[in-house]
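Just so we're on the same page: letters track the sequence lines, and every chain starts at 1.
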There are 2 protein chains.
Amino acid sequence: MKPAFRLEDHLCFSIYSCSRAIQRMYQPALKKLGITYPQYLVLLVLWENRECSVKQIGALLDLDSGTLTPLLKRMEGKALLQRKRSQVDERMVTVRLTEKGAALKEKTVCIPETLIRSSRMTQAEMQNLNRTIKLLTQQVTQGQMK
Amino acid sequence: MKPAFRLEDHLCFSIYSCSRAIQRMYQPALKKLGITYPQYLVLLVLWENRECSVKQIGALLDLDSGTLTPLLKRMEGKALLQRKRSQVDERMVTVRLTEKGAALKEKTVCIPETLIRSSRMTQAEMQNLNRTIKLLTQQVTQGQMK
DNA sequence: GAAAATTAAATTGTGTACATTTAAATTGTG
DNA sequence: CACAATTTAAATGTACACAATTTAATTTTC
């Protein structure tokens, strides 16, 4: 007599659902800055190191060139960054923040704060959850054969 | 002297990243069944109640008709379900599992099991995580004004 | 050092997400 | 009963995700 395994018991769904809920919460603030959530993630990467290859960004965000190439072109169109083929290795495209892109940083401080505030969790609880989820991601990724 | 708030410290990113990792892990098994992850979620709903309006499915999965209408049409194309405008209220479209759609259920048992196995977490840990994430989603959703 | 293998982006095609608008049906109110 | 407000899907348009293929450049191997 196996108990029913309902939608709400599926961890995959609660994580999927939570991710979209957070993105919806962030959306108004991001819209004011004229960027989308994945574009915000790219900025987080570039604020840590002003210059990066597409490959490196992809490795950090787990996104491939099929997603990044058009996304970065849109960001270039908004003058947030520049794309330039590397002189050293012409296969590589180097992405580099512009002043405008760098300047956005200070305007985004409020964004993670909305999550911290609305979560009603302590800093320790959030760090704990973050650790747990990252570990789960790692296990899930290792579980793959590829 | 504020410490750096790096990409890896962002809970939003670890959740977003985890969700995509799980979907990638599920993908080979889902592909064998000829469905995508969001389509699998719709099936989870319909296995619980064979007949549903688009509205109800959307409420359960947090998806709007802009996402569901084409998705359900693709599933109808695969003969997994039928869409029919309700006689009672012609605004509503009633979605109903076909035999083929109902039959898929038994072939999906292995899917949540891959997550349970690869996570290397105890059942209690997973339930705990599920509760935490669902609570977070709820808080985040309430934090919205709308 | 040339052919083969590998690597990095870009391209193509399918399928979500979701904001916004439209259209049709139903409900609520005067 | 009429008509405004609401409700439900569908349609439209933009932006991811990602599998699969292509192209060009670099490495490896013989």
Side-chain angles (χ1 to χ4, degrees), chain A residues 13 16-28 30-32 34-42 52-59 61-78 80 83-95 141 144 146, chain B residues 13 16-28 30-43 52-59 61-78 80 83-95 141 144 146:
Chain A
F13 175 64
Y16 161 80
S17 188
C18 186
S19 176
R20 290 190 298 117
I22 294 173
Q23 288 185 50
R24 279 196 298 269
M25 178 176 66
Y26 282 179
Q27 211 271 340
L30 290 172
K31 190 172 186 177
K32 273 179 201 148
I35 56 176
T36 65
Y37 179 68
Q39 291 173 17
Y40 167 65
L41 294 179
V42 167
C52 255
S53 70
V54 173
K55 182 77 179 175
Q56 287 173 312
I57 298 173
L61 299 181
D62 248 317
L63 291 170
D64 71 6
S65 70
T67 301
L68 286 175
T69 297
L71 186 157
L72 293 170
K73 282 180 179 174
R74 282 187 285 272
M75 292 181 80
E76 189 177 35
K78 287 181 269 200
L80 299 175
R83 295 162 61 254
K84 207 172 73 180
R85 213 157 267 278
S86 162
Q87 304 276 287
V88 188
D89 184 338
E90 297 232 7
R91 289 170 305 182
M92 278 198 322
V93 167
T94 297
V95 177
T141 306
Q144 307 280 89
K146 180 133 139 264
Chain B
F13 174 64
Y16 160 80
S17 187
C18 187
S19 176
R20 290 191 298 115
I22 294 172
Q23 288 185 52
R24 279 195 297 270
M25 177 175 67
Y26 282 178
Q27 212 272 337
L30 291 172
K31 191 172 185 178
K32 273 178 202 149
L33 306 179
I35 56 176
T36 66
Y37 179 69
Q39 291 172 16
Y40 167 65
L41 294 179
V42 167
L43 288 176
C52 255
S53 71
V54 174
K55 182 79 179 173
Q56 287 173 313
I57 297 173
L61 299 181
D62 249 316
L63 291 170
D64 72 5
S65 71
T67 300
L68 286 175
T69 297
L71 186 156
L72 293 170
K73 283 181 178 173
R74 281 187 286 272
M75 292 180 79
E76 190 177 35
K78 286 181 272 201
L80 298 174
R83 294 162 63 255
K84 205 173 74 180
R85 213 158 267 280
S86 162
Q87 304 277 285
V88 188
D89 183 340
E90 297 234 6
R91 293 170 304 180
M92 278 196 324
V93 168
T94 297
V95 177
T141 306
Q144 307 280 87
K146 169 122 154 272

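Between C:dT14 and B:R74, no contact under 4.0 Å exists linking OP1 or OP2 to a side-chain N or O. Checking the phosphate oxygens (OP1, OP2) of D:dA11, a side-chain nitrogen or oxygen of B:K73 falls inside 4.0 Å. At D:dA19, none of the side-chain N or O atoms of B:R20 fall inside 4.0 Å of OP1 or OP2 (strictly under the cut-off). The side chain of A:Y16 contributes an N or O atom lying less than 4.0 Å from OP1 or OP2 of C:dA17. Note on B:T67: every side-chain N or O is 4.0 Å or more away from OP1 and OP2 of C:dA17.
Between the CZ atom of A:R24 and the C1' atom of C:dT16 there is a distance of 14 Å, given to the nearest Å. Rounded to whole Å, atom C1' of D:dC16 lies 12 Å from atom CG of A:L41. Distance CZ (B:F13) to C1' (D:dA17): 14 Å, rounded to an integer number of Å. A:L30 places its CG atom 18 Å from the P atom of C:dA17, with the value rounded to the nearest Å. One atom, CD of B:Q39, and another, C1' of C:dT16, lie 9 Å apart when rounded to the nearest Å. Note: OH (B:Y26) to C1' (D:dC18) measures 18 Å, nearest angstrom. Regarding B:K32, its NZ atom lies at a distance of 15 Å from the P atom of D:dA19, rounded to whole Å. Remark: P of D:dA10 and NZ of B:K55 are 13 Å apart, rounded to the nearest angstrom.
Checking B:Q23 against B:M92, the closest nucleotide of DNA chain D that is more toward the 5' end is the one next to B:M92. Residue order along DNA chain C, read from the 5' end via each residue's closest nucleotide, puts B:T36 first among B:T36 and A:Q27. If you find the closest nucleotide of DNA chain D to B:L72 and to A:K78, the one lying nearer the 5' end belongs to B:L72.
In this structure A:D64 satisfies the salt bridge (charged side-chain N to carboxylate O under 4.0 Å, His left out) test with no other residue, sequence neighbours excluded.
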Nucleotide by nucleotide, 5' to 3', does protein get under 4.0 Å of the base (B), only the sugar-phosphate (S), or neither (-) in nucleotides 20-28 of chain C, counting heavy atoms? S----BS--
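When all heavy atoms of B:L68 and B:V54 are compared, the pair lying nearest together is CD1-O, 3.8 Å. Between A:P28 and A:M25, the shortest heavy-atom contact is CD-O, 3.3 Å. In plain terms, the two heavy atoms of A:V95 and A:R83 that are nearest each other are CG2-CG, 4.4 Å. In terms of heavy atoms, B:Q39 sits closest to B:M75 at O-CE, 3.5 Å. Between A:T36 and A:L30, the shortest heavy-atom contact is C-CD1, 4.0 Å. Between B:P70 and B:S65, the shortest heavy-atom contact is CD-O, 3.9 Å.
Of the candidates D:dC16, C:dT16, D:dA10, D:dC16 carries the atom nearest the A:L71 side chain, counting heavy atoms from C-beta on.
Within a 6.0 Å radius of NZ in A:K78, more than 12 heavy atoms belonging to other residues, nucleotides or ligands are found.
In this structure, the side chain of A:R20 engages the main chain of B:D62 through a donor-acceptor pair within 3.5 Å.
Ring orientation note: the planes of A:Y37 and B:Y16 are nearly perpendicular, at an angle over 60° on the 30°/60° scale.
With a 3.5 Å limit on both pairing distances and Watson-Crick or G-U wobble geometry required, the stems of 3 or more pairs in DNA chain C span C:1-30 with D:1-30.
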